[in-house]
Amino acid sequence: MSAKKIVKVDDIKNDAEGIKCPVEKSHFLIDKFLDGPMCGKCFPCSMGSYEARVLLENLMKGECNETQLLHIKNIADEMLIASMCKKGKDVAKYIIEWFDADVFRKHLDGICTENTCKPLIEYRIIPEKCTMCGDCLPACKYNAIHGEKIKPFTSGYHPFDIKQHKCVKCGDCLPVCPTGAIILVDANVSEAVEV
Ligand code: SF4
Ligand code: SF4
Ligand code: SF4
């Protein structure tokens with residue numbers, strides 16, 4: 001069995017600095033806390049952290065309800081009061097600091113305001129803007145883009161499209177498209193139109 005990694009809460013906070021979405025940021029902190037410095041000696045911190053991680057995971061997928069959303073804040077409030085050591089309190093303070101009810105609530109509607117929670121976003125191709133140049137094909141390491149480059153005197157092409165089940169949402173294709181035909185949209189938008 002591998003030994004549990006011990007890192008400092010401050011180090012995890014530093015690692016979380018580059019994450020823009022407050023929900024994702026909070027989830028990252030809790031996840032790494034559980035993976036390292038959380039020792040499990042006291043109930044409010046250990047159970048609270050596990051529960052908050054599940055709720056935040058669900059929220060990142062848009063699969064939470066209002067009651068569960070408010071429960072994330074309640075967990076953090078209880079952790080702040082009842083955690084036995086500074087580590088648990090620091091994690092609680094961090095979640096409280098980043099808990100923005102409006103931004104968190106948007107996730108209930110399937111919208112990540114920073115467009116970073118992967119289950120809530122999709123990369124798509126706008127057919128009207130696609131010139132079938134094929135520049136995006138080598139940019140995708142996951143073979144998620146399908147389509148045929150246009151050739152002179154030939155017709156009946158397969159239009160360019162992103163296969164969502166293969167797309168890992170890395171964003172590598174976005175900057176290579178010369179016409180801006182590849183866009184990032186809310187996953188719950190049915191058509192590939194710019195938002
Ligand atoms: S608050 Fe401190 S003592 Fe309690 S479980 Fe968390 S890390 Fe351990
Ligand atoms: S976002 Fe990444 S995985 Fe998805 S189509 Fe673009 S390059 Fe491929
Ligand atoms: S790079 Fe853009 S215009 Fe060219 S095939 Fe891909 S989506 Fe279409």
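Note that ligands are numbered from 1 as they come in the structure, with each ligand's atoms numbered from 1 the same way.
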Self-check item: Identified side chain to side chain contact (heavy atoms under 4.5 Å, CB included) counterpart of Tyr123 within the set Leu174, Val168, Val185, Asp172
Solution: Leu174
Exercise. Would you mind running through ligand 1 and noting each atom that sits below 4.0 Å from a heavy atom of Ser83?
Key: 1 (S)
Self-check item: Atoms of ligand 2, numbered as shown, that sit under 4.0 Å from any heavy atom of Cys173
Solution: 1 (S), 5 (S), 6 (Fe), 7 (S)
Practice problem: Taking Gln68 for its side chain and Asn65 for its backbone only, find out whether a donor-acceptor pair lies under 3.5 Å. | Solution: yes
Practice problem: Answer yes or no: is there a side-chain heavy-atom contact under 4.5 Å between Ile125 and Ile145? | Solution: yes
Self-check item: Expected output: side-chain Glu148 to main-chain His158 donor-acceptor under 3.5 Å
Solution: yes
Practice problem: Taking the side chain as every heavy atom from C-beta outward, state whether Leu56 and Asp31 have any atom pair closer than 4.5 Å. | Solution: no
Practice problem: For the pair Lys106 (side chain) and Cys112 (backbone), establish whether a donor and an acceptor sit closer than 3.5 Å, ignoring hydrogens and angles. | Solution: no
Quiz item: Can you tell if the side chain of Asp186 reaches within under 4.5 Å of the side chain of Asn115, non-hydrogen atoms only?
Solution: yes
Practice problem: Mark up the atoms of ligand 2 that fall under 4.0 Å of a heavy atom belonging to Tyr142, in ascending order. | Solution: 3 (S)
Quiz item: Which of the atoms in ligand 1, numbered in the order shown and given with their element, are less than 4.0 Å from a heavy-atom of Lys41?
Solution: 5 (S), 8 (Fe)
Self-check item: Gly171 neighbourhood, listing ligand 2 atoms whose heavy-atom distance to it stays under 4.0 Å
Solution: 1 (S), 2 (Fe)
Self-check item: For atom 3 (S) of ligand 1, the protein heavy atom that lies nearest, with its residue and separation
Solution: Cys39 SG, 3.5 Å
Quiz item: Between Lys73 and Phe99, is there a donor-acceptor pair closer than 3.5 Å when you use the side chain of the first and the backbone of the second?
Solution: no
Quiz item: Which residue owns the protein heavy atom closest to atom 4 (Fe) of ligand 2, what's the atom, and how far is it?
Solution: Cys167 SG, 2.3 Å
Quiz item: Any idea which protein heavy atom is nearest atom 6 (Fe) of ligand 1, and the distance to it?
Solution: Cys45 SG, 2.4 Å
Exercise. Specify the protein heavy atom at minimum distance from atom 5 (S) of ligand 3: its residue, its atom name, and the distance to 0.1 Å.
Key: Gly134 N, 3.2 Å
Quiz item: Can you tell me if NZ on Lys20 sees more than 12 non-hydrogen neighbours from other groups inside 6.0 Å?
Solution: no
Practice problem: Check whether any N, O or S atom of Cys170 sits under 2.8 Å from atom 4 (Fe) of ligand 2. | Solution: no
Quiz item: Counting each atom of ligand 1 from 1 as listed, which ones have a heavy atom of Met84 under 4.0 Å away?
Solution: 1 (S)
Practice problem: Please determine if Lys32 and Asp15 form a salt bridge, counting it only when a charged side-chain N lies under 4.0 Å from a carboxylate O. | Solution: no
Self-check item: Sidechain N-carboxylate O distance under 4.0 Å for Arg105, Glu66
Solution: yes
Quiz item: Does ligand 3 have an atom under 4.0 Å from some heavy atom of Gly147?
Solution: no
Quiz item: Just by distance, do the side chain of Thr113 and the backbone of Val103 share a donor-acceptor pair under 3.5 Å?
Solution: no
Quiz item: Within the distance-only criterion (no hydrogens, no angle test), does the side chain of Lys89 pair as donor or acceptor with the backbone N or O of Ser83 below 3.5 angstrom?
Solution: yes
Practice problem: Around atom 2 (Fe) of ligand 3, list the protein N/O/S atoms within a radius below 2.8 Å, excluding water molecules. | Solution: Cys177 SG
Practice problem: Using a strict cut-off of 4.0 Å, indicate which atoms of ligand 1 neighbour a heavy atom of Gly88. | Solution: 1 (S)
Practice problem: Answer yes or no: is there a donor N or O on one side and an acceptor on the other, between the side chain of Lys87 and the main chain of Pro37, under 3.5 Å? | Solution: yes
Quiz item: Should the proximity of Leu174 to ligand 2, defined as any heavy atom under 4.0 Å, be assigned to the side chain, the backbone, both, or neither?
Solution: neither
Quiz item: Can you list the ligand 2 atoms lying under 4.0 Å from a non-hydrogen atom of Val168?
Solution: 3 (S)
Quiz item: Which protein non-hydrogen atom lies closest to atom 2 (Fe) of ligand 1, naming both residue and atom, and how far is it?
Solution: Cys85 SG, 2.3 Å
Quiz prompt | ligand 2 atoms in contact with Cys140 (distance to a heavy atom under 4.0 Å) | solution = 3 (S), 5 (S), 7 (S), 8 (Fe)
